[in-house]
Amino acid sequence: MLYRKLGKTGEKVSILGYGCMRLPVFDGDPAKIDEKKAIELLRYAIDHGVNYVDAAYSYHRGMGEIFLGKALKDGYREKVHLATKLSCKRVNRKEDMDRFLNEQLEKLQTDCIDFYLLHAVKKSYWEKLKAFGIIEFLNSAIAAGKIRYTGFSFHDELDVFKEVVEAYPWDLCQIQFNYLDENFQAGIDGLRYAAEKGLAVVIMEPLRGGNLASKIPEEARKVWDRAKTKRTPAEWAFRYLWNYPEISVVLSGMSEMEHLKENLRIAEEGKPNSLSTEEKT
Ligand SMILES: NC(=O)c1ccc[n+]([C@@H]2O[C@H](COP(=O)([O-])OP(=O)(O)OC[C@H]3O[C@@H](n4cnc5c(N)ncnc54)[C@H](OP(=O)(O)O)[C@@H]3O)[C@@H](O)[C@H]2O)c1
């Protein structure tokens, strides 16, 4: 596993992070996590160097954090940086922010969340949270030792992204980015902007939720067929991302051991600026 510095925090994080939005489930029901299989996957990842775990209040209909509280027992909590998110959608009054954070600490069975992010920020959520005093809330949660670092995940346009970046001394942001989404939402300009402002960047949906491994765009297939180097579709997608020095962690939601093992293998080689000019074009 390779590690990178997480922006100004100075923390060293694995370049592959475990996204907990797509854990294995029974009967296709997100609330029914196959805990045995999910624990095996998560602990295998941690045993092989993954030290960044990404959750959210809403994942698996609220069961994801409860699962993680159990999965990170037996010393695994101490081996990872745990990230989770405040559900912007569910905050309807000032008191909700404290209430949700306390509930999350309890579900996760931890005293402190390493990275606390606002979930899926967009203009309307940002305006709502500002009005409820989100900045004071974050400062007081840090002062109380309930969270260590702050950030936000983002789903809106670039101008909103810049506004949010500038509004608070965030430690990190989480954006959707992959070789097809260079100009989607925050995009490549947002990635560079955040890095210039000292925020670490965490990537979500590197395979567009799996589509870049299963439904390969014709254009990409043609380029890969011409390339001298032969790689799997997932490998091209991850190597494209890790080539950016501005990116600290790439999250993937893995529910199959085969995929986890492949991604761990690819992560061994994901050095910044490691693709040749030919491979990039
Ligand atoms: N904050 C937000 O607003 C937000 C939004 C989206 C995502 N996220 C976070 O970001 C994480 C990553 O996003 P994502 O889950 O969409 O990641 P992703 O890597 O784009 O997609 C995961 C899917 O790709 C498949 N996959 C993974 N590795 C593969 C491989 N080597 N070959 C073939 N298929 C492979 C997985 O299949 P299997 O399950 O069968 O292994 C899974 O279905 C999420 O889990 C979540 O933690 C946050």
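Remember, it's 1-based here, ligands and their atoms both numbered in the order they're listed.
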message: For atom 24 (O) of ligand 1, what's the nearest protein heavy-atom neighbour? Residue, atom name and distance, please.
response: G210 CA, 3.1 Å
task: Using distance alone, decide if ligand 1 has a nitrogen or oxygen within less than 3.5 Å of any nitrogen or oxygen in G209.
output: yes
task: Return the option from A120, A213, S153 holding the heavy atom at the smallest distance from atom 1 (N) of ligand 1.
output: S153
Sub-4.0 Å atoms of ligand 1 with respect to non-hydrogen atoms of S255: 38 (P), 39 (O), 40 (O), 41 (O)
- prompt: What distance do Y52 atom OH and Y3 atom OH have between them, rounded to the nearest 0.5 Å?
  reply: 15.0 Å
statement: Note: ligand 1 atoms sitting under 4.0 Å from heavy atoms of R208 are 20 (O)
message: Please determine whether side-chain contact (heavy atoms from CB on, under 4.5 Å) holds for the pair L72 and I46, giving the CA-CA distance in whole Å, both sets of side-chain angles, and the decisive distance to 0.1 Å.
response: CA-CA 10 Å; L72 294 177; I46 298 170; 3.9 Å; yes
task: Run the numbers for me: atoms of ligand 1, each under 4.0 Å from some heavy atom of H155, listed by number.
output: 2 (C), 3 (O), 5 (C)
field: Q176 heavy atom under 4.0 Å from ligand 1
entry: no
- prompt: Just which atoms of ligand 1 are under 4.0 Å from any heavy atom in E262?
  reply: 30 (C), 31 (N), 32 (N)
message: With side-chain contact (heavy atoms from CB on, under 4.5 Å) as the test, pick out the partner of L86 among I134, I113, D96, L101.
response: I134
- prompt: When only distance counts, is M204 in polar contact with ligand 1, meaning an N/O pair under 3.5 Å?
  reply: no
- prompt: Is the distance between the ring centroids of Y125 and H155 less than 6.0 Å?
  reply: no
- request: With atom 6 (C) of ligand 1 as the reference point, say which of K122, K261, E205 has the nearest heavy atom.
  value: E205
- line: For L251, the atoms of ligand 1 under 4.0 Å from one of its heavy atoms are 10 (O), 11 (C), 12 (C)
- request: Check each atom of ligand 1 against the heavy atoms of D54 and keep those under 4.0 Å away; list them by number with element.
  value: 9 (C), 46 (C), 47 (O)
- prompt: Going by distance alone, is a donor N or O of one side chain under 3.5 Å from an acceptor N or O of the other, for Y18 and N263?
  reply: no
query: What atoms of ligand 1 come within less than 4.0 Å of a heavy atom belonging to C20?
result: 45 (O), 47 (O)
Among M257, Q174, H259, closest by any non-hydrogen atom to atom 29 (C) of ligand 1: H259
- prompt: Hey, which atoms in ligand 1 end up nearer than 4.0 Å to a heavy atom of H119?
  reply: 1 (N), 2 (C), 3 (O)
message: Tell me whether the rings of W242 and F238 are parallel (<30°), tilted (30 to 60°) or perpendicular (>60°).
response: parallel
- prompt: Are any of the side-chain nitrogens in K37 or E256 under 4.0 Å away from the carboxylate oxygens of its partner?
  reply: yes
Can you give the donor-acceptor pairs under 3.5 Å from side chains of residues 245-253 to other protein atoms, not counting sequence neighbours?
from	atom 1	to	atom 2	distance (Å)
S248	OG	K5	O	3.1

task: Around atom 15 (O) of ligand 1, find the nearest protein heavy atom and jot down its residue, atom name and distance.
output: R22 NE, 2.7 Å
- request: Kindly indicate whether a cation-pi arrangement holds for K130 with Y168, taking the cut-offs as under 6.0 Å to the six-membered ring centre and within 45° of the axis.
  value: no
task: Evaluate the ring planes of W224 and Y179, with Trp represented by its six-membered ring, and classify them as parallel (under 30°), tilted (30 to 60°) or perpendicular (over 60°).
output: perpendicular
message: Polar contacts were defined as any N/O atom of the residue lying under 3.5 Å from an N/O atom of the ligand; does this apply to M254 and ligand 1?
response: no
query: Would F154 count as a contact of ligand 1 if the rule is a heavy atom under 4.0 Å away?
result: no
message: Check this for me - ligand 1, G253, N or O atoms closer than 3.5 angstrom, yes or no?
response: yes
query: Are the charged groups of R231 and E269 less than 4.0 angstrom apart, N to O?
result: no
